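Given the structure is predicted, the values throughout are model-derived calculations rather than measurements.
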Number of protein chains: 2
Amino acid sequence: MSLPQSEGPDSQGPHSPLPRRRTGIPEATVARLPVYLRVLGGLAETGVTTVSSDALAVAAGVGSAKLRKDLSHLGSYGTRGVGYDVEYLVYQISRTLGLTQHYSVVIIGVGNLGHALANYAGFASRGFQIVALIDSDPRRVGEDINGLEVRHLDELETVVKEHEVSIGVIATPAASAQDVCDRLVSAGVTSVLNFAPIVLAVPDTVDVRKVDLSIELQILAFHEQRKSAGPPASLEVGAG
Amino acid sequence: MSLPQSEGPDSQGPHSPLPRRRTGIPEATVARLPVYLRVLGGLAETGVTTVSSDALAVAAGVGSAKLRKDLSHLGSYGTRGVGYDVEYLVYQISRTLGLTQHYSVVIIGVGNLGHALANYAGFASRGFQIVALIDSDPRRVGEDINGLEVRHLDELETVVKEHEVSIGVIATPAASAQDVCDRLVSAGVTSVLNFAPIVLAVPDTVDVRKVDLSIELQILAFHEQRKSAGPPASLEVGAG
DNA sequence: AGCGCTTTGTGCACCTGTTCACAAAGTCCT
DNA sequence: AGGACTTTGTGAACAGGTGCACAAAGCGCT
């Protein structure tokens, strides 16, 4: 067990210790593709059939050059002088991200957060299917959440193998997160999304991404502090 | 209203369009400091008083050189041949991140996720105090969550000014997120943590960080696809 | 068909961040 | 005190990512 937190190039550390540079697609680009995908989905709903890199870039909150370079990594799917066909681009991005495949997801930990995740609609919409909810508390086992019955932690391995689960979502307290992770990995799970405030140790073959509320707040705090202290930084000299 | 999603250098896009390079501390480093802080806290609890960059790096899941360089940005607080004093380092990182100050936080949207956030203990532990929970649904107003009464969206501006809220957490559906964000910004909030699956438009003076479950899953999907498709990639040629 | 307009795709320079490798600096033992 | 050992802090090379600026390419109008 080594410690390669896979960290996407965006919200997490840039590229991972796994230099899985098999495709030429940079990690930073991969992290942005889902954003483009979402924006394109919104455009498609409003009947837009074609979009320029400029328009799409504004909607996605990135520079247009960056967007074009990102898209160029998946091929030349634009038409010069016109822009990109929305529907076609949606398809190409989906395909590139692997969303045309099906992924079975298991959520471990059915506390507040687990409940929220289980009810999150965005899960199913992109080929991710929650196949099981798992908790170690016997009192929670059997509860019905969003049409899915909570099962006991003892069944984790069974569930993973039964449904060929590839992605595990850890929403347990920090204390049990590493244990759960180890069991997921042993059972064959190769991707983990970790909500517990802990650095997980996994083999190099497993990808881990973390979502950490507390860290995000602390980063905001840093900038917030800067705002109040920084700007009028000149009268400070005599005032200190 | 422009579109600078502040994107930390990690899970989100590298550095932001706000080149707030007032201090010499790189964004990538800022994003890691909270991790070090957490690990150091754990060490302190187990009675460790001194730690080497190697040990700390392993526990934090980064390389030791990177860790030392990170720490060197806040000063020379280590002792050669010995390591770092845990308690002192905790203090220095806290100070750098601005955690010695107090931040008032308001959460908008008390659905599943809002509930989870309101009950999250990690909030209070680092100087963040949730001063209000807000929802637009009259049926939820008045509910007591973790000792805090849910107030109506109409009171948002009042609450923000009353408590000098600096950080707003948006946990509403995507449809209302931009509205809520605009109101937060108008009321004077300068940092936003967004859980809604949408790209928020804010003035350059406001920092936005996003936490997007769906995006994280899609990034995992990309790597997952790569794992299953990549390695034996050679029979494909004739199969197409 | 030709011309001008629009927009893509990309070469290049810049910049941020990572990693290596080592000198500087301190501790501990004799 | 002196020397061996440990560990920090950092200079320098490298890698990855961003943004500019423009040539290439397609559209539509005349």
Side-chain angles (χ1 to χ4, degrees), chain A residues 4-5 7-21 23-33 36 49-58 60-86 88-89 92, chain B residues 3-21 23-33 36 49-58 60-86 88-89 92:
Chain A
Q5 225 59 351
E7 309 188 343
D10 192 12
S11 171
Q12 320 202 19
H15 58 101
S16 85
L18 336 178
R20 187 171 293 106
R21 191 52 25 98
T23 79
I25 304 188
E27 276 298 309
T29 295
V30 171
R32 281 186 297 266
L33 288 178
Y36 304 153
T49 61
T50 285
V51 67
S52 72
S53 64
D54 249 311
L56 186 53
V58 168
V62 303
S64 64
K66 190 190 285 190
L67 181 128
R68 285 198 300 276
K69 189 153 288 188
D70 281 344
L71 295 184
S72 76
H73 287 295
L74 20 143
S76 269
Y77 298 133
T79 307
R80 291 165 192 244
V82 178
Y84 300 87
D85 181 85
V86 173
Y88 187 53
L89 196 51
Q92 289 298 345
Chain B
L3 282 174
Q5 223 59 350
S6 124
E7 308 188 342
D10 192 15
S11 168
Q12 319 201 15
H15 56 101
S16 85
L18 336 177
R20 187 172 294 105
R21 191 48 29 96
T23 81
I25 303 188
E27 276 298 309
T29 295
V30 171
R32 282 186 296 266
L33 289 179
Y36 304 154
T49 60
T50 286
V51 67
S52 71
S53 64
D54 250 309
L56 186 51
V58 168
V62 303
S64 64
K66 190 190 285 190
L67 181 129
R68 285 198 300 277
K69 187 151 285 185
D70 282 344
L71 295 184
S72 76
H73 287 297
L74 21 144
S76 267
Y77 298 134
T79 306
R80 295 161 124 109
V82 177
Y84 300 87
D85 181 86
V86 172
Y88 187 52
L89 195 52
Q92 289 299 343

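- Residue A:Leu71 contributes atom CG, which lies 16 Å from atom C1' of D:dG17 at whole-angstrom precision.
- Taking atom CG on B:Leu67 and atom P on D:dT8, their separation rounds to 9 Å, with Å as the unit.
- Rounding to the nearest 0.5 angstrom, the gap separating the CG atom in B:Leu56 from the OH atom in B:Tyr36 is 7.5 Å.
- Every pair passing side chain to side chain donor-acceptor pair (under 3.5 Å) that includes a residue from residues 71-85 of chain A is listed here, sequence neighbours excluded: A:Tyr77-A:Gln92.
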- Query: Which parts of nucleotides 20-27 of chain C does protein reach within less than 4.0 Å, heavy atoms only, written one letter per nucleotide 5' to 3' as B for base, S for sugar-phosphate only and - for none?
  - Reply: BB--BBSS
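- Residues B:Leu33 and B:Leu74 have side chains in contact (heavy-atom distance under 4.5 Å, counting atoms from C-beta outward).
- Looking at heavy-atom distances under 4.0 Å, B:Gly78 makes contact with sugar-phosphate atoms alone, never a base.
- Atom CZ of residue B:Arg68 and atom CG of residue B:Asp70 lie 11.0 Å apart, to the nearest 0.5 angstrom.
- The distance from the OG atom of B:Ser52 to the CG atom of B:Leu67 is 9.5 Å, given to the nearest 0.5 Å.
- The nearest whole Å value for the distance from the CZ atom in A:Arg32 to the P atom in D:dT18 is 4 Å.
- Protein atom CG of A:Leu56 is 12 Å distant from nucleotide atom P of C:dG9, rounded to whole Å.
- C:dT8 atom P lies 11 Å from atom CG of A:Leu89, rounded to whole Å.
- Note: CG (A:Asp85) to P (D:dC27) measures 13 Å, nearest angstrom.
- In this model, the phosphate group of C:dT8 is approached by a side-chain N or O of A:Ser53 to a distance below 4.0 Å at OP1 or OP2.
- Taking the side-chain contact (heavy atoms from CB on, under 4.5 Å) definition, one finds that B:Thr49 meets it with nothing, sequence neighbours left out.
- Between the CG atom of A:Asp54 and the P atom of D:dC20 there is a distance of 12 Å, given to the nearest Å.
- Residue A:Tyr84 places no side-chain N or O under 4.0 Å from the OP1 or OP2 atom of C:dT6.
- Within the structure, every side-chain polar atom (N or O) of B:Tyr77 is placed at least 4.0 Å from both OP1 and OP2 of D:dT7.
- The residue among B:Ser76 and A:Asp70 whose nearest nucleotide of DNA chain D lies closer to the 5′ end is B:Ser76.
- Partners of B:Thr50 under the side-chain contact (heavy atoms from CB on, under 4.5 Å) rule, at least two apart in sequence or in another chain, are B:Val82.
- Going from atom CD1 of A:Ile25 over to atom P of D:dG17 covers 12 Å, rounded to whole Å.
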